[in-house]
Asker: 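This is the structure I want to talk about, given as structure tokens.
When a ligand or atom number is given, it counts from 1 through the structure's own listing order. Heavy-atom basis, side chains included; hydrogens, waters and symmetry copies ignored.
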Amino acid sequence: MDEFTFIDTIKQNSYRQPSLVKGIGDDAAVFRQHTMDIVTAVDTFVEGIHFRKDTMSPYHVGYRALAANISDLAAMGAHPAFYLASIVIPRHWSSQEVQYIFQGMKRIATYYGMDLIGGDTVSGSELVLSITVMGYVAKEQVRYRSHAEAGDVVFVTGTLGDSQAGYHILTNSMEYKNAAYFIERHRTPTPRVAFATSIPGNIRVALNDVSDGIANEAAEIATASKVSIQLHDDVIPVHSSFSQFSQEDQQRWKYFGGEDFELIGTIAPKNWSILAALAKQLNLRITQIGKVFFEANQNYVYIQKGNRQSERLLKEGYNHLK
Ligand code: ADP
Ligand code: MG
């Protein structure tokens, strides 16, 4: 299949977003916006680094790559609207497999009412998928990492470590409890868009999505907000079957595992009940896991385990240039 036939197959027949003026088919896409702030992000996924063909089908590669991008929009409090997909296709990927990647993206895009409005298609030596997303948020209501203040409570949605548990199950064949649940969390994660976009605009929250693990995401909030954060190990939410994995794996996955695409954030204690009510309406678990406080000249994350003294939680998440 040549490049142009291929583009025809992935092109939407119609678009959902009212602001779209021109989608696929010219040198660039066009959309028009008067009233909202536009939020945009790009993420790149490389075969062998971000996914492996033996644990992710092409459909899941597409689904999860777009889910990760949508999660970035959620962490800004934005409504997803558009995506552009740039793909490097190697010889060892069939055109059918590439179609499945786009089907995976289309599946989650449809759920969020997003339109595919452009991209690029080239050949190369390994599969690389780079997705750009765009979303909207009401003017000046973006949720920054720098919004945390001393006295805030720290919260996290859902349960942590599930994605890494799923990956472990896929790569270590044994009998596991709730294997399907963990595998699904790994392959088709749910970005917390509904939750993030329903927080009333006049309420201050700091938000960050859990892509690298909460040790890293909490540190990013602490640094951006110039505060320190105290977390409590015994309240970090995990799935009821998480205890089947070794203590060491549990600890590593819940702090450094990442890719759960949950949200970690902070909010003033007086507004906690609003957040808790919202989460309940959405049937989403939300847990207070710590507190924000001020320390002169340093912005650290601490973890308290059992009745041991609090210690610093270092960011040991995946760092590509390390
Ligand atoms: P140009 O040569 O102007 O860059 P292309 O031939 O690369 O144009 O692309 C033609 C149209 O198809 C453009 O609208 C482009 O955004 C879109 N397109 C190309 N590749 C993809 C892709 N992988 N996903 C979505 N749209 C794509
Ligand atoms: Mg091009």
Side-chain angles (χ1 to χ4, degrees), residues 1-33 36 38-53 55-74 76 78-136 187-191 193 211 259 261 320:
M1 193 188 296
D2 72 23
E3 188 191 327
F4 303 101
T5 318
F6 169 72
I7 294 166
D8 264 346
T9 65
I10 58 170
K11 198 167 139 182
Q12 288 174 209
N13 294 320
S14 63
Y15 295 101
R16 305 176 188 93
Q17 292 288 330
S19 61
L20 191 70
V21 180
K22 180 74 185 175
I24 288 178
D26 212 303
D27 297 310
V30 180
F31 66 97
R32 191 172 294 148
Q33 206 18 263
M36 310 281 270
I38 295 164
V39 178
T40 184
V42 60
D43 255 318
T44 301
F45 303 84
V46 180
E47 181 178 5
I49 306 256
H50 298 93
F51 63 87
R52 285 166 39 184
K53 253 182 162 175
T55 59
M56 298 285 264
S57 71
Y59 175 90
H60 293 126
V61 169
Y63 189 104
R64 197 172 71 140
L66 186 52
N69 270 280
I70 296 172
S71 181
D72 282 324
L73 292 178
M76 301 297 274
H79 296 269
F82 301 116
Y83 67 113
L84 295 95
S86 177
I87 189 164
V88 179
I89 307 172
R91 283 184 188 283
H92 65 276
W93 280 69
S94 70
S95 58
Q96 184 59 57
E97 287 174 316
V98 176
Q99 290 290 332
Y100 286 137
I101 295 180
F102 278 80
Q103 279 174 26
M105 287 193 284
K106 189 173 189 174
R107 177 61 186 270
I108 186 166
T110 303
Y111 182 81
Y112 289 103
M114 297 178 89
D115 290 321
L116 176 62
I117 60 167
D120 204 15
T121 309
V122 295
S123 51
S125 56
E126 65 208 330
L127 193 111
V128 179
L129 177 62
S130 183
I131 304 177
T132 302
V133 285
M134 295 178 186
Y136 296 132
R187 287 177 168 168
T188 56
T190 306
V193 173
S211 47
E259 294 179 342
F261 302 113
H320 285 269

Asker: Mark up the atoms of ligand 1 that fall under 4.0 Å of a heavy atom belonging to F102, in ascending order.
Answerer: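 The atoms of ligand 1 under 4.0 Å from a heavy atom of F102 are 23 (N), 24 (N).
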Asker: May I ask you to identify, for I10, whether its side chain, its backbone, both or neither come under 4.0 Å of ligand 1 on a heavy-atom basis?
Answerer: side chain
Asker: At less than 4.0 angstrom from any non-hydrogen atom of D27, what atoms of ligand 1 do you find?
Answerer: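 With D27 as reference, the close atoms of ligand 1 come out as 3 (O).
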Asker: Do any N/O atoms on I24 end up under 3.5 angstrom from N/O atoms on ligand 1?
Answerer: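 No, there is no polar N/O contact under 3.5 Å.
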Asker: Does the N or O separation between I87 and ligand 1 drop below 3.5 Å for any pair?
Answerer: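 By distance alone, the answer is no.
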Asker: Which of the numbered atoms in ligand 1 are below 4.0 angstrom from a heavy atom of E3?
Answerer: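 This gives 6 (O), 7 (O) as the contact atoms.
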Asker: Under 4.0 Å, heavy-atom basis, I'd like to know which part of I7 is in contact with ligand 1: side chain, backbone, both or neither.
Answerer: side chain
Asker: Using a 4.0 Å cutoff against the non-hydrogen atoms of D26, which atoms of ligand 1 qualify?
Answerer: 13 (C), 14 (O)
Asker: Under a 4.0 angstrom heavy-atom cut-off, which atoms of ligand 1 come close to F4?
Answerer: 6 (O)
Asker: Regarding H79 and Q17, is there a side-chain donor-to-acceptor distance under 3.5 Å anywhere?
Answerer: no
Asker: Taking the six-membered ring where the residue is Trp, are the ring centres of F31 and F82 under 6.0 Å apart?
Answerer: yes
Asker: Would you tell me whether E259 and S211 have side-chain atoms, one donor and one acceptor, within less than 3.5 Å of each other?
Answerer: no
Asker: Is it the case that T5 and D2 place a side-chain donor and acceptor less than 3.5 Å from each other?
Answerer: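 Yes - a donor-acceptor pair under 3.5 Å links their side chains.
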Asker: Answer yes if the side chains of S123 and R91 hold a donor-acceptor pair under 3.5 Å, and no otherwise.
Answerer: no
Asker: Output yes when the distance from some N or O of ligand 1 to some N or O of T121 is under 3.5 Å, and no in every other case.
Answerer: yes
Asker: Under the criterion side-chain contact (heavy atoms from CB on, under 4.5 Å), which of I131, V61, L116 is the partner of M105?
Answerer: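 Filter result, single survivor: I131.
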Asker: Return yes when K11 approaches ligand 1 closer than 4.0 angstrom through a heavy atom, no otherwise.
Answerer: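 No, K11 has no heavy atoms under 4.0 Å from ligand 1.
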Asker: From T9 OG1 over to F102 CZ, what is the distance, rounded to the nearest 0.5 angstrom?
Answerer: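 One gets 8.0 Å once the value is rounded to the nearest 0.5 Å.
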Asker: Between S86 and S130, does any side-chain donor sit less than 3.5 Å from a side-chain acceptor?
Answerer: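 Not at all, the side chains of S86 and S130 share no donor-acceptor pair under 3.5 Å.
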Asker: Please work out which of S130, A85, G118 has its closest non-hydrogen atom nearest to atom 23 (N) of ligand 1.
Answerer: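 Looking at heavy atoms only, the winner is A85.
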Asker: Consider every N or O of G119 and every N or O of ligand 1, then say whether any pair is closer than 3.5 Å.
Answerer: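 Yes; the residue has a nitrogen or oxygen that sits under 3.5 Å from a nitrogen or oxygen of the ligand.
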Asker: One thing to verify: whether K53 and E97 come together as a salt bridge, which I'm taking to mean a side-chain N less than 4.0 angstrom from a carboxylate O.
Answerer: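 Between K53 and E97 there is a salt bridge, with a charged N closer than 4.0 Å to a carboxylate O.
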